[in-house]
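Residue indices begin at 1 and follow the sequence shown.
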Amino acid sequence: MMDRDRNKTLLLELQRAAGTGNGRCADCGEPDPEWASYKLGIFICLNCSGIHRNLPQISRVKSLRLDFWENDLIEFMKKHGNLCAKAKYEAKVPPYYYIPQSCDCLVLREQWIRAKYEREEFVATRVCQDPCSAGSREGFLWKRGRESRQFQKRRFLLSAREGVMKYYTKESRGPKAIISIENLNAMFQTEKIQHAHGLQITYNTDGQTRNLFVYHDSGKEIVDWFNAIRAARYYYLRTTFPTVPEPEVVPRITRNYVKEGYMEKTGPKQKEAFKVRWFCLDSQERKLMYFKNPLDAFAQGQVFIGRTDEGYEVQAGLPQGVRVKKRKPAITVITPMREFVFICENDKEQREWIDALNGVIAQPLTG
């Protein structure tokens with residue numbers, strides 16, 4: 001019993017020890033991890049421990065507080081730790097490779113863990129693929145039809161060297177779309193697409209944002225596609241803007257929307273009936289887009305979100321003189337041209353939308 005308590009205390013001290021990196025999950029960065037892999041010598045969070053359980057050949061996990069730790073395991077943990085594992089398993093992570101956080105979807109976190117420890121893709125002895133080669137890929141993805149709304153197998157071709165992504169509906173015909181990597185984006189949307197491997201690809205065509213919704217049955221395959229798109233984007237950004245520092249390039253490779261969800265909107269006269277729409281806020285493009293349905297190919301409209309000094313503002317509540325029957329929280333987006341009125345589902349949504357919009361208004365305009 002004394003050993004048990006002593007070892008638990010030692011483990012918790014190890015987890016909090018400065019200069020070890022043990023205070024955050026070795027895989028997703030979640031603070032105060034409560035689990036550890038005693039085969040790898042790392043401290044991990046509850047969610048990542050679930051992934052490690054599926055890799056018994058590589059990793060074995062125990063709870064820091066609930067399980068018994070033998071003396072030899074304590075010694076092993078002392079000799080290793082998160083920074084030690086990072087130096088070994090993350091020695092050569094390419095700059096374009098997406099390193100997931102605790103808030104990211106399961107498939108991203110699982111494939112990151114498998115890539116590190118199972119496939120050892122980033123150890124020092126591996127030869128790093130250059131972004132141009134890594135940004136070239138060909139294969140099949142299940143794509144949602146714009147009209148049919150059914151998912152159908154389509155061939156996709158990505159070429160960083162040519163600066164395009166193409167997809168084909170029939171083998172004999174030419175490409176259905178040729179997408180410039182310059183305005184290509186990709187983000188995981190597992191809930192929206194209702195598939196654990198659901199990916200949303202967006203690009204600009206004739207001044208509009210076009211959405212493609214795809215998935216692959218293999219988790220590894222869809223994450224490899226995502227990172228190939230990122231490699232192609234990185235290659236484009238690096239060759240187009242060679243003097244821009246790396247820390248400024250990496251966040252621009254791909255991006256998630258700042259916020260998405262349902263709100264109700266009215267027309268320009270603010271007397272029209274309120275209609276429920278799906279909204280997406282893109283901070284990089286500085287636009288609030290709205291769709292009739294979350295999986296629509298094109299937005300019904302969009303609102304540009306400029307800076308405060310240009311006359312843009314967001315306020316809680318309704319403009320003067322506007323009346324609504326529903327007693328729900330509202331927000332007003334003020335632009336130099338007009339005021340936009342949106343009704344939120346609840347107070348929490350109202351706060352989140354105001355914070356998200358204020359975040360975009362506060363950021364400087366980029367060329």
J.: Give a yes or no answer on whether the side chain of N185 reaches the backbone of R255 with a donor-acceptor pair at less than 3.5 Å.
T.: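 Present.
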J.: Any side-chain to backbone donor/acceptor pair from N183 onto Y203? Under 3.5 Å, distance only.
T.: no
J.: Distance from F156 atom CZ to R137 atom CZ, nearest 0.5 Å?
T.: 13.0 Å
J.: Within the supplied structure, the quantity of interest is the number of heavy atoms (other residues, nucleotides, ligands) at a distance under 6.0 Å from E345 CD; does it exceed 12?
T.: no
J.: With sequence neighbours excluded, tell me which residues meet side chain to side chain donor-acceptor pair (under 3.5 Å) with R65.
T.: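 Per chain and number, R65 pairs via side chain to side chain donor-acceptor pair (under 3.5 Å) with E34.
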J.: Find out whether L357 and V258 are in side-chain contact, i.e. whether some heavy atom of one side chain is under 4.5 Å from a heavy atom of the other.
T.: no
J.: Is the shortest heavy-atom distance from the side chain of C28 to the side chain of P100 under 4.5 Å?
T.: no
J.: Checking R230 now: which residues fulfil side chain to side chain donor-acceptor pair (under 3.5 Å) with it, not counting sequence neighbours?
T.: T254
J.: Looking at S59 and P56, would you say the former's side chain and the latter's main chain have a donor-acceptor pair under 3.5 Å?
T.: no
J.: Linking Ile, Leu, Val, Met, Phe, Trp and Tyr through side-chain heavy atoms less than 4.5 Å apart, which residues share a cluster with I42?
T.: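 In the cluster with I42 are W35, L40, I44, L46, I51, L55, I58, V61, Y89, L106, I113, Y117, V123.
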J.: Working to the nearest 0.5 Å, report the span between CG of L281 and NZ of K287.
T.: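 With rounding to 0.5 Å, CG (L281) is 11.5 Å from NZ (K287).
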J.: Kindly give the heavy-atom pair with the smallest separation between Y235 and P131, and that separation in Å.
T.: CB-CB, 4.1 Å
J.: Given salt bridge (Lys or Arg N to Asp or Glu O under 4.0 Å), test R252 with E248 step by step and report yes or no.
T.: CA-CA 7 Å; R252 296 186 75 86; E248 288 178 36; over 6 Å; no
J.: Would you check if V214 and W225 make a side-chain contact, meaning some heavy-atom pair closer than 4.5 Å?
T.: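 No; the side chains remain at least 4.5 Å from each other.
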J.: Are side-chain N/O atoms of D224 and H216 paired as donor and acceptor at under 3.5 Å?
T.: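 The answer is no; no qualifying pair exists.
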J.: Listing request: all salt bridge (Lys or Arg N to Asp or Glu O under 4.0 Å) pairs with a residue in residues 352-364, at least two apart in sequence or in separate chains.
T.: K259-E352, K348-E352
J.: If I take atom OG from residue S49 and atom CG from residue N54, how far apart are they, to the nearest 0.5 angstrom?
T.: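 With rounding to 0.5 Å, OG (S49) is 10.0 Å from CG (N54).
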J.: Listing request: all side chain to side chain donor-acceptor pair (under 3.5 Å) pairs with a residue in residues 141-150, at least two apart in sequence or in separate chains.
T.: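 Passing the test, one end in residues 141-150: no pairs.
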J.: List in chain and number order the residues that pass ring-ring contact (aromatic ring centres under 6.0 Å, His included) with F279, two or more places apart in sequence or in another chain; answer none if no residue qualifies.
T.: Y290, F342
J.: Which pairs pass salt bridge (Lys or Arg N to Asp or Glu O under 4.0 Å) with one or both residues in residues 188-213, sequence neighbours excluded?
T.: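 Only K192-E260 qualify under salt bridge (Lys or Arg N to Asp or Glu O under 4.0 Å).
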J.: D130 and S133: side-chain donor and acceptor closer than 3.5 Å?
T.: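 Side chains of D130 and S133: pair found under 3.5 Å.
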J.: Please round to the nearest 0.5 Å and tell me the distance separating atom CD1 of I201 and atom CE of M165.
T.: 4.0 Å
J.: Just wondering, are more than 12 heavy atoms of other shown residues or ligands nearer than 6.0 Å to NZ in K86?
T.: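 No, because the 6.0 Å sphere around NZ of K86 holds 12 heavy atoms or fewer from other groups.
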J.: When you look at CZ of R161, are more than 12 heavy atoms from neighbouring residues, nucleotides or ligands closer to it than 6.0 Å?
T.: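 It does not: R161 CZ has 12 such atoms or fewer within range.
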J.: Which ILVMFWY residues can you reach from Y262 by hopping between side chains whose heavy atoms are under 4.5 Å apart?
T.: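 Members besides Y262, by chain and number: M187, Y257, V276, W278, M289, F291.
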J.: For H52 versus S37, what's the shortest heavy-atom pair and its separation?
T.: ND1-CB, 4.3 Å
J.: Kindly indicate whether the side chain of L158, heavy atoms from C-beta on, has any atom under 4.5 Å from the side chain of I229.
T.: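 Sidechains of I229 and L158: in contact.
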J.: For residues 182-201, pull every pair meeting ring pair (Phe, Tyr, Trp, His ring centres under 6.0 Å), keeping only residues two or more places apart or in separate chains.
T.: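 Those involving residues 182-201 are F188-F226, H195-H197, H195-Y215.
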J.: Is there a side-chain contact between V341 and F274 (heavy atoms, below 4.5 Å)?
T.: yes
J.: Taking atom CD of Q194 as the centre, does the number of heavy atoms from other residues, nucleotides or ligands within less than 6.0 Å exceed 12?
T.: no
J.: If you measure from CD on E313 to OG1 on T335, what distance do you get to the nearest 0.5 Å?
T.: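 E313 CD to T335 OG1: 11.5 Å, rounded to 0.5 Å.
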J.: Can you list everything that forms a side chain to side chain donor-acceptor pair (under 3.5 Å) with Y97? Sequence neighbours excluded, please.
T.: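 With neighbours one apart ignored, the set is empty.
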J.: Backbone N or O of A124 within a donor-acceptor pair of the K92 side chain at under 3.5 Å?
T.: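 It does hold such a pair.
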J.: Less than 3.5 Å apart, which donor and acceptor atoms pair up between the side chains of residues 296-307 and the rest of the protein, not counting sequence neighbours?
T.:
| from | atom 1 | to | atom 2 | distance (Å) |
| --- | --- | --- | --- | --- |
| D296 | OD2 | K292 | N | 3.4 |
| D296 | OD2 | N293 | N | 2.9 |
| Q300 | OE1 | R277 | NE | 2.6 |
| R307 | NE | D309 | OD1 | 3.0 |
| R307 | NH2 | D309 | OD1 | 2.9 |
| R307 | NH2 | D309 | OD2 | 2.8 |

J.: For residues W112 and V223, determine if any side-chain heavy atom of one lies less than 4.5 Å from a side-chain heavy atom of the other.
T.: no
J.: Heavy atoms only: give me the nearest E90-K116 pair and the separation to one decimal.
T.: OE2-NZ, 2.9 Å
J.: Testing the basics here: between C344 and K328, what is the closest heavy-atom pair and its distance to 0.1 Å?
T.: O-CB, 3.6 Å
J.: Suppose we screen for side chain to side chain donor-acceptor pair (under 3.5 Å). Which residues come up paired with E246, at least two apart in sequence or across chains?
T.: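 Here the qualifying residues are Y234, R238.
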J.: Could you please spell out the steps behind the salt bridge (Lys or Arg N to Asp or Glu O under 4.0 Å) verdict for E120 and R126?
T.: CA-CA 8 Å; E120 294 193 351; R126 279 291 182 109; over 6 Å; no
J.: Side chain to side chain contact (heavy atoms under 4.5 Å, CB included) for L288 and W353? Distances and angles first, verdict last.
T.: CA-CA 11 Å; L288 179 65; W353 276 112; 3.7 Å; yes
J.: Does any non-hydrogen side-chain atom of E121 lie less than 4.5 Å from one of Q129?
T.: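 Side-chain contact under 4.5 Å: no.
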